[in-house]
There are 4 protein chains.
Amino acid sequence: MNDPTTMRRSPKQLRSQQRVDDILDAAARLFREVGYEAATTNAIAGQAQVPIGSLYQFFPNKESILKALAQRYTDQMRDLHARTLSPTATEGLPLAQVIGGYLQAMGEFEAAHVAFRLLFLSAEQTQTHEMQAEIIQRVDDLLAARFPLLRPERRRQAASASVGIVKGLMIISGEPATLSAEQSGDEIITALLGYIRAVLVQEALPLPPDLA
Amino acid sequence: MNDPTTMRRSPKQLRSQQRVDDILDAAARLFREVGYEAATTNAIAGQAQVPIGSLYQFFPNKESILKALAQRYTDQMRDLHARTLSPTATEGLPLAQVIGGYLQAMGEFEAAHVAFRLLFLSAEQTQTHEMQAEIIQRVDDLLAARFPLLRPERRRQAASASVGIVKGLMIISGEPATLSAEQSGDEIITALLGYIRAVLVQEALPLPPDLA
Amino acid sequence: MNDPTTMRRSPKQLRSQQRVDDILDAAARLFREVGYEAATTNAIAGQAQVPIGSLYQFFPNKESILKALAQRYTDQMRDLHARTLSPTATEGLPLAQVIGGYLQAMGEFEAAHVAFRLLFLSAEQTQTHEMQAEIIQRVDDLLAARFPLLRPERRRQAASASVGIVKGLMIISGEPATLSAEQSGDEIITALLGYIRAVLVQEALPLPPDLA
Amino acid sequence: MNDPTTMRRSPKQLRSQQRVDDILDAAARLFREVGYEAATTNAIAGQAQVPIGSLYQFFPNKESILKALAQRYTDQMRDLHARTLSPTATEGLPLAQVIGGYLQAMGEFEAAHVAFRLLFLSAEQTQTHEMQAEIIQRVDDLLAARFPLLRPERRRQAASASVGIVKGLMIISGEPATLSAEQSGDEIITALLGYIRAVLVQEALPLPPDLA
DNA sequence: AATGAATGAGCTTTCATTCAT
DNA sequence: CATGAATGAAAGCTCATTCAT
């Protein structure tokens, strides 16, 4: 009947909304600091200064907190996507600049949303799929606007792969003895441009000037 | 004094070595099936048909089992690297073929070592760094042999990024609504070749025929 | 001062009375379905479509709901008793028929009052004593009318025992591998008649024709 | 695979057996004092002076403790049955004396096993069925020896009903304003003899001298 | 060295009851 | 008087680790 991984009650009142936000903030902090498994629901409630009973009025279980957090990030990223990836906002800009602008915004988002990295980069979390699907869709839209001749299936594949490349390089750059944070940005741009160029060549499509 | 995440004593005796292997096999199976957190040390010992007390004579704690597993995989991958990435074994082959051979071998390795994917693809596991460092080094060696004019720092960066790209695409392809397993192999080749070409262009180095 | 297991205020208003009835109906349903302990006050209020706060304005605690339910059943049984056990209504009927009629009525009552069985058959619930006392009294009255020579103390004892016999056979018949529901009715009649006959013989009193 | 209401490990060692006994004793005491639901597993462990973890090594959950207690009582009653109900032990004795001896033994058993009453008298507990089935079987055996002409189906029915009668009268006698403990014993004998006589009459079987 | 019973802190989650609105 | 969000003590149970045998 009711999905045990969804929020119990969507908070209508301002006070309740504030509480849910507090809980999600605390959860984000703790997930970041000690990981999902080690973050206890009592600790989350404690950090959020919310009684444990109240936490369970909004969330039926721990997993639903993770899911709600992912949902919140997904929602909050929509504006970011509109600003940095939408065809209208990026029209005329060289691809490198678009990617750069997107990475810049993502870096800021990541800094402001402490568990985003965890959620975005952690392998196979059902909770993250929706978030990722949305990102892929935005990239797909961008590719569609940029390369109208690219077949939709190939485009979707390229969009998925592009997100995978970003993900992989972000993961790598977070680890010691690999890429520095500064390098990773440039490297992501290089890799994505190189990849997209290769796809276009494969598909025998014309290269735009900045990929030639 | 003694690192609590390292194996307690390297088992000299044959029987001990067998036991350690049994434990690691059981751990790999369980980690794969239920994840690291949900795999209990008692369950690992049970699966391995080894008394829990014995398990704790070889491993000081649960984390050390994960670490040892990563170490075992690292060791076992050395042969794979020699066969598929070493300059001598790959001399004269087109890069695409080298990468294809490597991915093929990795696929087989992954199938034979059930927790490899978990360890290699996990976003941030301190236990995996050594394994990854080794992979990066092999790629670095390969690039050094292929592109002797590439500056060592740039090369190391490219090697790290290449591994990141592979990782990212492997992660993505494991998730629904993205890349199929079949597509991911081709896409990894496309992405890597595209990336390396871009690096060479950036560095104003000559392109080999198969990247032109 | 005020008994915490009694209803807080007897609802004078019509709307209040309706609410109390709704609560008791919901409680009866839930007690029957999941048992007293597992039935939560919030679930009762929810089923009754009454705010939990209102529930606590009528009932100081969960136990008092059970008690009020028993009281309601006791009240509602009064009519049943008058119809099936009162000396006037049963005058001239053979005892077996009286018992049969009573059991029939009880069966219907039980079907219509879902938690009655739970309350009546529960081994030791302080809440049930009054209900049982009333039943015993009715049986006592019946015996008084039927057997005027039976000493009052012996009669009261026999009335208590008779109710115990009914109770015991009802409990047994609800359990697997014992008596079927059909058998239990006949068996109760057999047992009660046999018991009363034995009492009369013990007391050296004349047996009516149908017990001879 | 493994029944979650059965003991986890049957204690082989003497020390373990002692622990299990301590747990069951403590559980019996607590069940008696506060009831099954209100008796917490931690309280049981505390009373038994056994760490909670050890309790859960033997019992997978709270219900299994109740079940094991019922099983222990069932086992311990076997000797009582042999002494008081077996055809050989009761041969030649008048039925009233047999019942009296049985009730006497049951009274002593009840006094020595504090939760027996709760388990035997509580309505519909799956945990009690086996215990009750055994009692019914013993009564059936006794009836078979005493009244060989009684049809087996009728006999089994009578055995079930007899146990029901005992149960009902025990329940009633535990409640205020009904039967005193002393009276209940006599009343049970009266009721059982009266019932069995009625059954024999119904079946048109000869009455033994003490039932005539 | 080998064993596996023993340990108890700590986990997630529930629910009777209150009280500010 | 009516409401239902809020509360937090306490429940059942797990499991990494130890240590007496």
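Here is how names work: the chains are called A, B, and so on, in the same order as the sequence lines, proteins then strands, and each is numbered from 1.
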| said: Rounded to whole Å, how long is the line connecting atom CD of C/E37 with atom P of F/dA11? | reply: 13 Å
| said: Does anything in residues 21-30 of chain C come within less than 4.0 Å of DNA chain F? Heavy atoms only, and list the residues if so. | reply: none
| note | Annotated structure of DNA chain E as dot-bracket, pair cut-off 3.5 Å, Watson-Crick or G-U only, | for inter-strand, is .||||||||||||||||||||
| query | Nearest-Å distance, CD1 (C/I52) to P (E/dA16)? | reply | 8 Å
| remark: Residues at least two apart in sequence or cross-chain that pass side chain to side chain contact (heavy atoms under 4.5 Å, CB included) with A/A70, listed by chain then number, are A/L119
| task | Just jot down the salt bridge (charged side-chain N to carboxylate O under 4.0 Å, His left out) partners of C/E110, sequence neighbours excluded, or say none. | result | C/R117
| query | Quick one: on DNA chain E, does B/P51 or C/T40 contact a more 5' nucleotide (nearest heavy atom)? | reply | B/P51
| message | Judged by each residue's nearest nucleotide on DNA chain E, which is more toward the 5′ side, A/T41 or B/S54? | response | B/S54
| said: So, under a plain 3.5 Å distance rule, would you say the side chain of D/Q57 forms a donor-acceptor pair with the base of E/dA6? | reply: yes
| Whole-Å distance between E/dT17 P and C/F58 CZ? | 17 Å
| field | For B/A27, all residues meeting side chain to side chain contact (heavy atoms under 4.5 Å, CB included), sequence neighbours excluded | value | B/F31, B/I44, B/I65
| remark: Applying side chain to side chain contact (heavy atoms under 4.5 Å, CB included) to B/E33 and not counting sequence neighbours gives B/R29, B/L30
| request: Grab the CD-P distance between A/Q18 and F/dA5 for me, whole Å please. | output: 18 Å
| field | Partner set under side chain to side chain contact (heavy atoms under 4.5 Å, CB included) for A/E63, not counting sequence neighbours | value | A/T5, A/Y36, A/N61, A/Q127
| query | For B/T74, what residues pass the side-chain hydrogen bond (donor to acceptor under 3.5 Å, both in side chains) criterion, not counting sequence neighbours? | reply | none
| message | For D/Y56, is there any backbone N or O sitting under 3.5 Å from a side-chain donor or acceptor partner on D/R8? | response | yes
| field | Heavy-atom side-chain proximity of A/D22 to A/Q49 below 4.5 angstrom | value | no
| task | List the atom of A/F59, the atom of A/S64, and the distance in Å for their closest heavy-atom pair. | result | CB-OG, 3.2 Å
| query | Taking only N and O in the side chain of A/R8, is any of them less than 4.0 Å away from OP1 or OP2 of E/dT14? | reply | yes
| field | With sequence neighbours excluded, residues passing salt bridge (charged side-chain N to carboxylate O under 4.0 Å, His left out) with B/K62 | value | none
| query | Given atom CG of B/L55 and atom C1' of E/dA5, what is their separation to the nearest angstrom? | reply | 16 Å
| message | Can you identify which nucleotide, out of E/dT12, E/dA5, E/dA16, has its nearest atom closest to the A/K62 side chain? | response | E/dT12
| task | List for me each residue that meets side-chain hydrogen bond (donor to acceptor under 3.5 Å, both in side chains) alongside D/Q76, sequence neighbours excluded, and say none if there are none. | result | D/H113
| query | To the nearest angstrom, how far is D/R19 atom CZ from E/dG8 atom C1'? | reply | 12 Å
| field | Partners meeting salt bridge (charged side-chain N to carboxylate O under 4.0 Å, His left out) with C/R72 (sequence neighbours left out) | value | C/D21, C/D25
| field | Between E/dT14 (P) and A/N42 (CG): distance, integer Å | value | 13 Å
Write out a two-atom table: protein N or O, nucleotide N or O from nucleotides 19-21 of chain E, distance below 3.5 Å.
none

| task | Would you classify C/A38 as touching base, sugar-phosphate or nothing, given that sugar-phosphate means primed atoms plus P, OP1 and OP2, and contacts are heavy atoms under 4.0 Å? | result | nothing
| remark: When rounded to whole Å, the CG to P distance for the pair C/L66 and E/dA16 reads 13 Å
